[in-house]
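Some notes on the structure that comes next.
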Amino acid sequence: MGAPAGASGVSDKKGGTPASRVADAYQREKSRAGGNWYAYVSVAGVGGAPQVAVQEKADRVVEAYSVNKIAVAVAVLDKVDRGLLTLDQRVEVTAAIVVPGGDGIFGLDSAYPSSVTLGHALATLLTLSDDTAVRLCGLVCPAAEINQILVAKGFPNTQVEPVANPNRFYLGTSTARETHNLLRALVAGTLLSPSSTTFLLNLLRSPIAFTDGIRRTMSSDERARVATKAGWFDDARHEAGIIFNAAGAPVLTYVLFADGQADPDNFGATHPAVQARAAMGPKFLAAVSGATSPVALVHRSRSYRPTNGG
């Protein structure tokens, strides 16, 4: 793990720079969890460039699992930006396309065929991590096209894995560094159009997005400052995302891929790697409290207004 020796960040009242505090929290919690970690975390640095806080096996190509649903969404939204797709066009949900069991809501409907908008499919993809939504995206953006788009955008290791059916795929691979760079490009506004960027970030920051890891021990306002996506399969427990300051500027980007921990059949909040991320989350947030970012674009969260029906 690379600690930020000579970090350029300003030391805070709690001791150390933001980068060193993030590095300490990561090292402590990942050591408690054990297993293998492939990580890259940066914080907003003085002078413009992000300050690296953590890099551990950051260039190892690993199975990214559902974290790569972000990359799938980027490819689909790239086609939206080019006028080839629209968020309000409908995709057919047939009994044959529904993934039984697993994650999401389509497998619970028990009423097919039906249809949803592409925007709805992307919303379930990134909030509920719906497995059927992956197949719905494949109907409008086949595996080979997803990979071509990602390569063209500079992410040759962030690739889905094609299967015999060109419209279906396994979620494939990435590296911690590439996923980090993809998220940085997203918030910088260089990956997608402004409208697609806002759409995607609103999903990742929504109250219904993943809350078992980084966002677990946070208030609703704090959770709204975190855009996150998790992925889990076999013994792997992954999470990647961005923490924003109160003004909406991105101040911390994290990619935490982990596998080989104990209790591989536990996909709940008590898995060691998930508990480690839950402990890191508030520490990461506190480390960048008051931080600013040189990124010109800001991304303010949507207001959360619970309702009581009616």
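Just so you know, these numbers use all the heavy atoms, side chains as well, and skip hydrogens, waters and symmetry mates. Start at 1 with the first residue, then count along the sequence.
Distance check, rounded to the nearest 0.5 Å: CG of N245 to CG of L252 gives 11.5 Å. Taking OH from Y65 and NZ from K229, the interatomic distance works out to 14.0 Å, rounded to the nearest 0.5 Å. Once rounded to the nearest 0.5 Å, the distance linking CG of L77 with SG of C137 reads 8.5 Å. Here the CD-OG distance, from E239 to S66, works out to 12.0 Å after rounding to the nearest 0.5 Å. Note that the CD atom of Q275 and the CG atom of D212 stand 10.5 Å from one another [nearest 0.5 Å]. The line from CD1 of I214 to CD1 of I242 is 12.5 Å long, rounded to the nearest 0.5 Å.
With salt bridges taken as basic N to acidic carboxylate O contacts below 4.0 Å, none links R225 and E222. Electrostatic pairing of E56 and K30 counts as a salt bridge here, judged by a charged N lying under 4.0 Å from a carboxylate O.
Judged by distance alone, the side chains of T228 and Y254 do bring a donor and an acceptor atom under 3.5 Å apart. Under 3.5 Å, the side chains of D81 and S196 contain a donor-acceptor pair of N or O atoms. Using modelled atom types and a 3.5 Å distance limit, the side chains of T158 and E178 yield a donor-acceptor pair. Donor-acceptor pairing under 3.5 Å is recorded for the side chains of S174 and T179. Judged by distance alone, the side chains of S129 and K69 do bring a donor and an acceptor atom under 3.5 Å apart. For the residue pair D24/S20, the side-chain donor-acceptor check at 3.5 Å is not satisfied. Side chains of Y38 and D59: no donor on one and acceptor on the other come within 3.5 Å. Between D221 and S219, the side chains place no donor N or O within less than 3.5 Å of an acceptor N or O (distance only, hydrogens not considered).
For the pair R237/F267, a side-chain contact is recorded, criterion being any heavy-atom separation below 4.5 Å from C-beta on. Considering only heavy atoms from C-beta on, V54 stays 4.5 Å or farther from Y40 through its side chain. The shortest distance between side-chain heavy atoms of V274 and R216 falls below 4.5 Å. Taking the side chain as every heavy atom from C-beta outward, L87 and T117 never approach each other to under 4.5 Å. Here the side chains of L182 and I70 are in contact, with some heavy-atom distance below 4.5 Å. Between F169 and V72 the shortest side-chain heavy-atom distance falls below 4.5 Å. By the 4.5 Å heavy-atom criterion applied to side chains, V62 and F257 are counted as neighbours. Side-chain atoms of D78 and K153, non-hydrogen and from C-beta on, do get closer than 4.5 Å to each other.
Of the possible polar contacts, one joining the N167 side chain to the G138 backbone as a donor-acceptor pair under 3.5 Å is found. In this structure a side-chain-to-backbone donor-acceptor pair under 3.5 Å is missing from Q159 to T173. Side-chain atoms of S206 come within 3.5 Å of backbone N or O of L203 as a donor-acceptor pair. Side chain of H271 to main chain of P264: no donor-acceptor pair is present (N/O by atom type, distance under 3.5 Å, no hydrogens or angles). The backbone N or O of T124 sits nowhere less than 3.5 Å from a side-chain atom of D130 that would complete a donor-acceptor pair.
Annotation for I208: atom CD1 does not count as buried by contact number, only 12 or fewer foreign heavy atoms lying within 6.0 Å.
The nearest pair of heavy atoms linking C141 to V76 is CB-CG2, 4.0 Å. The minimum heavy-atom distance between V226 and R215, with the atom names listed, is O-NH1, 3.4 Å. The shortest heavy-atom contact between R21 and G16 is CD-O, 4.3 Å. Contact between A73 and L126 at its shortest, heavy atoms only, is CB-CD1, 3.8 Å. Contact detail for V67 and A240: the closest heavy-atom pair is CG1-CB, 4.0 Å. Minimum heavy-atom separation, D259 to A236: CB-CA, 3.9 Å.
Under the 4.5 Å side-chain heavy-atom criterion for ILVMFWY residues, no single connected hydrophobic cluster contains both I149 and L171. When hydrophobic clusters are built by joining Ile, Leu, Val, Met, Phe, Trp and Tyr residues whose side-chain heavy atoms come closer than 4.5 Å, directly or via intermediates, V93 is not grouped with I105. Note on M218: it clusters hydrophobically with V288, by side-chain heavy-atom contacts below 4.5 Å among ILVMFWY residues. In terms of hydrophobic clustering, with Ile, Leu, Val, Met, Phe, Trp and Tyr side chains grouped at heavy-atom distances under 4.5 Å, L256 and V61 are assigned to different clusters. L85 and L139 fall within the same hydrophobic cluster, where Ile, Leu, Val, Met, Phe, Trp and Tyr residues are linked whenever their side-chain heavy atoms come under 4.5 Å apart, directly or through other members.
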Run the side chain to side chain contact (heavy atoms under 4.5 Å, CB included) test on L191 and F155 for me, step by step, so that the C-alpha distance in whole Å, both residues' side-chain angles and the decisive distance to 0.1 Å come before the verdict. CA-CA 11 Å; L191 195 64; F155 307 106; 3.8 Å; yes

Please walk me through it: do V74 and L192 pass side chain to side chain contact (heavy atoms under 4.5 Å, CB included)? CA-CA 7 Å; V74 165; L192 296 169; 4.3 Å; yes

Any chance you could lay out the side chain to side chain contact (heavy atoms under 4.5 Å, CB included) test for R28 and K283, step after step, and finish with the verdict? CA-CA 11 Å; R28 181 166 54 252; K283 294 179 176 68; 3.4 Å; yes

Take F210 and R277, measure what side chain to side chain contact (heavy atoms under 4.5 Å, CB included) needs, and give me the verdict at the end. CA-CA 12 Å; F210 187 71; R277 300 200 314 269; 3.5 Å; yes

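The aromatic rings of Y26 and W37 stand perpendicular to each other, their planes meeting at an angle above 60°, with 30° marking the opposite boundary. Ring planes of H120 and F106: perpendicular class, angle over 60° (limits at 30 and 60°). The aromatic rings of H299 and F244 stand perpendicular to each other, their planes meeting at an angle above 60°, with 30° marking the opposite boundary.
Residues that satisfy the side-chain hydrogen bond (donor to acceptor under 3.5 Å, both in side chains) test with D265, not counting sequence neighbours, are absent from this structure. For E145, the side-chain hydrogen bond (donor to acceptor under 3.5 Å, both in side chains) partners are K79, not counting sequence neighbours.
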